[in-house]
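Everything quoted here is computed from the prediction, not taken from an experiment.
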Amino acid sequence: MIREHTVEIDGLRLRYAEGDDAGPPLVLLHGALLGWEEFLPLLPELAPRWRVLAPDFSGHGGSARRERYTFGAWLEETAGFLASRVGAPAVIAGHSLGGFVGMGLASRYPDRVAGLALLDSFINLDTFLAGPFPAFFAALAALEPARHGVDDLARRIGEIPVQLPGHPEPASWGALPGMDPAVRRYLASSVLRSDPAVLSQILSGSALADYDPGALLADVACPTLLVQADPAVGGMLTDADVARARPHLAGATCARLDGVGHLLHLQDPAPVGRALLWFLESLRGASTAAL
């Protein structure tokens, strides 16, 4: 059973979810403007064999807000969470922003990380800037989300245009595979729970100004899984990113999910869960004592 709790880390209240003590610790880190609930579609596969913990970053979900949001601040609060609530080395699975933080943890606190799964987390910042999400975030900010109810905002999110590679005309986010009304409603509710400053500081570039993936990659020594969404439907972890990362990640494995967009398990949980489950089992079988 998954239960919600709060913990204070350096004077900051963080909400987190925790499952039963069913095995080694597995920490799930969510993407920007989302919350721990984004992993609900994966929990039936993961919770029976792992002690699942999933915090909300500051400015998201039920966690407290900051004045300034930066990669470094999210990294350090999560490191504090691991020290306070996890104890033993954990496997980290991070989606998008959560993957950046996971990479930082594996790089700077290797004794706390037994394995790392990057779930469509781009490696090169230029990939983000050239992709569809800056325009999406700008359009979302222009909607002034707080002026809308959940259903109205969900409809408007679905109408935001997205320019996909290889397509001369833009599509809409609501027309992408798996972006059904229920997913859009969850996105809207998560945006409304987030601090508006998170969105504005992502758009200004300040939130990721201290994110240096090249420096972080050089120090990641644990087993790593790269899960690629499909760029043709909004995926962000490109082949070029994977090629850049592989020389630094000893024994890294990669799973590319054709037809699945950046939101991964919100859009199609089955292939994401399969890739993550077998990576986790490989860690358990190879070194149960280390976990």
Side-chain angles (χ1 to χ4, degrees), residues 1-21 23-40 43 46-47 50-119 121 190-202 206-213 215-216 219-220 222 291:
M1 180 180 293
I2 301 294
R3 297 176 177 87
E4 287 188 348
H5 310 272
T6 60
V7 62
E8 188 168 300
I9 304 295
D10 295 331
L12 187 78
R13 179 182 51 81
L14 298 182
R15 180 183 73 155
Y16 69 99
E18 182 172 359
D20 296 333
D21 190 3
L26 169 63
V27 177
L28 305 175
L29 302 179
H30 63 79
L33 305 181
L34 300 173
W36 78 261
E37 302 93 344
E38 74 153 283
F39 294 105
L40 283 170
L43 293 186
L46 304 178
W50 295 82
R51 177 192 168 207
V52 173
L53 301 103
D56 287 340
F57 294 129
S58 56
H60 296 76
S63 289
R65 299 182 174 190
R66 297 177 178 269
E67 182 175 344
R68 293 184 63 246
Y69 297 98
T70 65
F71 164 74
W74 284 318
L75 169 59
E76 292 308 319
E77 73 189 32
T78 310
F81 174 80
L82 294 183
S84 172
R85 303 305 307 156
V86 183
V91 179
I92 309 293
H95 173 221
S96 196
L97 170 63
F100 310 157
V101 174
M103 195 189 311
L105 292 169
S107 172
R108 298 181 187 176
Y109 302 96
D111 58 323
R112 302 183 191 178
V113 181
L116 175 65
L118 301 178
L119 307 179
S121 299
S190 293
V191 169
L192 291 173
R193 286 195 298 268
S194 299
D195 185 350
V198 172
L199 179 57
S200 65
Q201 290 174 30
I202 289 174
S206 63
L208 294 179
D210 56 344
Y211 172 57
D212 184 352
L216 297 177
D219 293 325
V220 174
C222 63
L291 294 172

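In this structure, the separation between CZ on R193 and NE2 on H60 is 11.0 Å, given to the nearest 0.5 Å. A distance of 11.5 Å separates SG of C222 from CG of D111, quoted to the nearest 0.5 Å. One finds the CG atom of L43 at 6.5 Å from the CH2 atom of W36 (value rounded to the nearest 0.5 Å). Rounding to the nearest 0.5 Å gives a distance of 9.5 Å between OG of S63 and CZ of F81. Expressed to the nearest 0.5 Å, how far CG of L40 lies from CD1 of I2 amounts to 8.0 Å. In this structure, L28 CG and I92 CD1 are separated by 9.0 Å, a value rounded to the nearest 0.5 Å.
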Inset, instruction - Start with the C-alpha gap between E37 and R15, add the side-chain angles, then the distance that decides, and say whether salt bridge (Lys or Arg N to Asp or Glu O under 4.0 Å) holds. - result: CA-CA 11 Å; E37 302 93 344; R15 180 183 73 155; 2.8 Å; yes

Inset, instruction - Any chance you could lay out the side chain to side chain contact (heavy atoms under 4.5 Å, CB included) test for F100 and L118, step after step, and finish with the verdict? - result: CA-CA 8 Å; F100 310 157; L118 301 178; over 6 Å; no

Inset, instruction - Let me see the working for E38 and H95 under side chain to side chain contact (heavy atoms under 4.5 Å, CB included), right down to the final yes or no. - result: CA-CA 9 Å; E38 74 153 283; H95 173 221; 2.9 Å; yes

Inset, instruction - Take V220 and L116 through the side chain to side chain contact (heavy atoms under 4.5 Å, CB included) test and state the conclusion after the steps. - result: CA-CA 9 Å; V220 174; L116 175 65; 4.3 Å; yes

Legend entry - Intermediate values then yes/no, side chain to side chain contact (heavy atoms under 4.5 Å, CB included), L12 and E77: CA-CA 8 Å; L12 187 78; E77 73 189 32; 3.4 Å; yes

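Closest non-hydrogen pair, G99 versus S121, comes out as CA-OG, 3.1 Å. Between M1 and D20 the shortest heavy-atom distance is N-OD2, 2.9 Å. The nearest pair of heavy atoms linking A90 to V86 is CB-CG1, 3.9 Å. Shortest non-hydrogen contact noted between A79 and R112 is O-NH1, 2.8 Å. When all heavy atoms of G104 and L75 are compared, the closest pair comes out as C-CD1, 3.6 Å. When all heavy atoms are compared, the tightest approach of G102 to L29 is N-CD1, 4.0 Å.
In this structure, D195 contributes its side chain and R65 its backbone to no donor-acceptor pair below 3.5 Å. Side chain of T78 to backbone of W74: a donor-acceptor contact under 3.5 angstrom is found.
Inter-residue side-chain proximity for F71 and L216 is flagged as met; some heavy-atom pair is nearer than 4.5 Å. Using a 4.5 Å cut-off on side-chain heavy atoms (C-beta onward), L199 and Y69 make no contact. Inter-residue side-chain proximity for F39 and V52 is flagged as unmet; no heavy-atom pair is nearer than 4.5 Å. Using a 4.5 Å heavy-atom cutoff, the side chains of P25 and L82 are not in contact. Side-chain contact between V198 and F57 is absent, with no heavy atoms from C-beta onward closer than 4.5 Å.
Judged as a side chain to side chain donor-acceptor pair (under 3.5 Å), the pairs with a partner in residues 79-89 (not counting sequence neighbours) are, in order, Y16-R85.
Judged as a side chain to side chain contact (heavy atoms under 4.5 Å, CB included), and not counting sequence neighbours, the contacts of R51 are E18, D21, L53.
A side-chain N or O of S58 and one of R66 form a donor-acceptor pair less than 3.5 Å apart.
Here R13 does not pair with D56 in a salt bridge; the nearest charged N to carboxylate O distance is not below 4.0 Å.
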